[in-house]
Asks: 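Supplied in structure tokens, the structure appears directly below.
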2 protein chains.
Amino acid sequence: MTTRWLTSEEQRAWRAYIAATHLLEDAIDRQLQQDAGMPHLYYSILANLSEAPDRQLRMTDLAEKSKITRSRLTYAVSRLEKDGLVRRENCKWDGRGSIAALTDEGMAVLERTAPGHVETVRASLFDHLSKEQVGQLEEIFAQVAGALAEGGSRPTPDEVPWRRRSTPPCS
Amino acid sequence: MTTRWLTSEEQRAWRAYIAATHLLEDAIDRQLQQDAGMPHLYYSILANLSEAPDRQLRMTDLAEKSKITRSRLTYAVSRLEKDGLVRRENCKWDGRGSIAALTDEGMAVLERTAPGHVETVRASLFDHLSKEQVGQLEEIFAQVAGALAEGGSRPTPDEVPWRRRSTPPCS
DNA sequence: GGGGCTTGGTTCAAGTTTGAAACAAACCTA
DNA sequence: TAGGTTTGTTTCAAACTTGAACCAAGCCCC
């Protein structure tokens with residue numbers, strides 16, 4: 001089977017995307033490292049926790065939400081725990097499970113640093129986009145994320161038996 | 001000054017972008033690690049070299065093209081050199097400079113693995129996009145990359161004196 | 001032509017990521 | 001209910017990244 005090479009439009013799009021993504025992540029990481037003392041990934045782990053019920057999630061669910069491997073999450077949570085921003089608890093209804101919970105201090109850090117982070121995201125990305133382009137951006141990447149999420153090895157919630165869920169079946 | 005929070009459209013776009021980008025880089029890294037024994041960044045360093053005149057570039061120019069720091073590049077090139085895919089040479093007209101050149105073996109690896117890489121990029125990204133969306137993707141990220149490149153600490157070629165250039169001034 | 005600044009590149013230690021292997025609890029099935 | 005499988009999580013070593021510090025070579029200018 002002969003290779004379906006990229007057209008020159010696709011090449012240009014791909015290169016622009018890669019370049020911008022590197023620059024963007026650099027800018028965001030630099031700002032968060034400065035102001036919050038942690039890289040972007042760690043910040044979004046805190047953010048994910050802050051939006052969960054009771055500000056806590058099982059490790060696997062948190063990894064799924066953050067789109068990272070469990071082992072990477074284990075390391076990150078250990079660091080955040082050492083900093084006092086997250087607390088680890090045992091899962092009540094599943095002896096194997098462990099739960100990461102945002103501490104009050106973690107919540108405080110998040111609240112203190114959120115404005116600066118949002119400002120950076122704006123200055124780096126949205127300030128350069130029209131309202132229309134924001135819509136296009138969302139549609140494009142929602143499609144891609146959707147496709148990669150099911151195509152990948154991570155099953156969708158609907159495909160798995162109840163015991164895979166994060167909440168106990170009878171509550 | 002009060003924070004300009006993200007609108008809900010912007011939030012959705014941002015999250016979709018982050019999620020898709022994580023999944024995409026994972027997929028591509030996994031494939032390249034499998035088939036070429038190196039992560040995506042290292043592959044693109046080889047690709048950048050393969051397109052340069054004489055298949056060689058000065059370290060700083062290569063770092064610029066790859067959108068990474070010089071120290072990260074130093075490490076990467078050392079590894080690639082150890083694998084025999086890249087050769088380091090001294091810059092003839094600037095005693096400080098050093099040059100990374102793609103070896104024949106490096107070129108061979110690139111040619112052998114390019115089809116699989118392109119196929120993955122296609123399967124992960126472009127297969128999910130309309131022709132229109134490819135155009136939108138390019139426009140969006142070309143704008144962003146452009147803005148971040150000049151805004152950032154990296155000056156554009158035009159802003160710098162001749163001695164910053166990679167080619168000797170009189171040749 | 002010798003100090004003082006800038007630039008190109010590397011080095012080093014600390015931090016992070018990776019993927020495979022290890023473990024333990026839960027589940028299933030005969 | 002014992003044995004085998006699956007699932008949730010951590011551990012470990014090797015690889016990679018970061019940023020600051022360093023070194024050497026070019027530039028500037030009096």
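Order of the sequence lines fixes the chain letters, A, B, ..., with proteins taken first and strands second; residue numbering starts at 1 for each chain. All of these numbers come straight from a predicted model, not from anything done at the bench. We use all heavy atoms of the structure for the numbers below, so side chains are in, but hydrogens, waters and symmetry mates are not.
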Asks: If we fit an axis to the first five pairs and another to the last five of the helix from C/dG1-D/dC30 to C/dA30-D/dT1, what angle do they make, to the nearest 10°?
Replies: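 The angle separating the two end axes equals 20°.
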Asks: For A/Tyr17 and B/Tyr17, take the angle between the two ring planes, folded into 0 to 90°, and tell me which bin it lands in: parallel under 30, tilted 30 to 60, perpendicular over 60.
Replies: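 Ring orientation of A/Tyr17 relative to B/Tyr17: perpendicular.
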Asks: Passes ring pair (Phe, Tyr, Trp, His ring centres under 6.0 Å), A/Tyr42 versus A/Tyr75? Steps please.
Replies: CA-CA 10 Å; A/Tyr42 291 44; A/Tyr75 180 89; 7.1 Å; no
Asks: Does A/Ser98 make a side-chain N or O approach to OP1 or OP2 of D/dG8 shorter than 4.0 Å?
Replies: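 The answer is no; no side-chain N or O of A/Ser98 sits under 4.0 Å from OP1 or OP2.
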Asks: May I ask you to decide if the ring planes of A/Phe141 and B/Phe141 are parallel, tilted or perpendicular, using 30° and 60° as cut-offs?
Replies: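 Correct class here is perpendicular.
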Asks: Would you mind classifying the nucleic acid contact of B/Thr74 as base, sugar-phosphate or nothing, using non-hydrogen atoms under 4.0 angstrom?
Replies: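 Contact class for B/Thr74: base.
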Asks: Pick one: which of A/Asp26, A/Ile28, A/Leu32 meets side-chain contact (heavy atoms from CB on, under 4.5 Å) with A/Arg30?
Replies: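 Among A/Asp26, A/Ile28, A/Leu32, the one meeting side-chain contact (heavy atoms from CB on, under 4.5 Å) with A/Arg30 is A/Asp26.
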Asks: Hey, are B/Ser78 and B/Arg88 close enough side-chain-wise for a donor-acceptor pair under 3.5 Å?
Replies: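 Yes, B/Ser78 and B/Arg88 have a side-chain donor paired with an acceptor closer than 3.5 Å.
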Asks: Examine B/Leu49 and B/Ile99 and state if one hydrophobic cluster contains both, with Ile, Leu, Val, Met, Phe, Trp and Tyr joined whenever side-chain heavy atoms are less than 4.5 Å apart.
Replies: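 Different clusters: B/Leu49 never reaches B/Ile99 through Ile, Leu, Val, Met, Phe, Trp or Tyr contacts under 4.5 Å.
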Asks: So does B/Glu139 get a backbone contact from the side chain of A/Arg12, meaning a donor-acceptor N/O pair under 3.5 Å?
Replies: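 Answer holds: no.
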Asks: Considering just the side-chain nitrogens and oxygens of B/Arg58, establish if one lies under 4.0 Å of OP1 or OP2 belonging to C/dG9.
Replies: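 Checking C/dG9 against B/Arg58, a side-chain N or O does come within under 4.0 Å of OP1 or OP2.
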Asks: Set out, line by line, the N/O atom pairs under 3.5 Å between protein and nucleotides 15-20 of chain D.
Replies:
{"residue": "D/dC16", "atom": "OP1", "partner": "B/Arg79", "partner atom": "NE", "Å": "3.3"}
{"residue": "D/dC16", "atom": "OP1", "partner": "B/Arg79", "partner atom": "NH2", "Å": "3.0"}
{"residue": "D/dT17", "atom": "OP1", "partner": "B/Arg72", "partner atom": "NE", "Å": "3.2"}
{"residue": "D/dT17", "atom": "OP1", "partner": "B/Arg72", "partner atom": "NH2", "Å": "2.8"}
{"residue": "D/dT17", "atom": "OP2", "partner": "B/Tyr42", "partner atom": "OH", "Å": "3.2"}
{"residue": "D/dG19", "atom": "O6", "partner": "B/Ser71", "partner atom": "OG", "Å": "3.1"}

Asks: Considering only NZ, NE, NH1 and NH2 on the basic side and carboxylate oxygens on the acidic side, decide whether A/Asp83 and A/Arg79 come within less than 4.0 Å.
Replies: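 A salt bridge links A/Asp83 with A/Arg79.
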Asks: Can you check the B/Asp94 CG to D/dA24 P distance for me, whole Å?
Replies: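 Taking CG of B/Asp94 and P of D/dA24, I get 16 Å after rounding.
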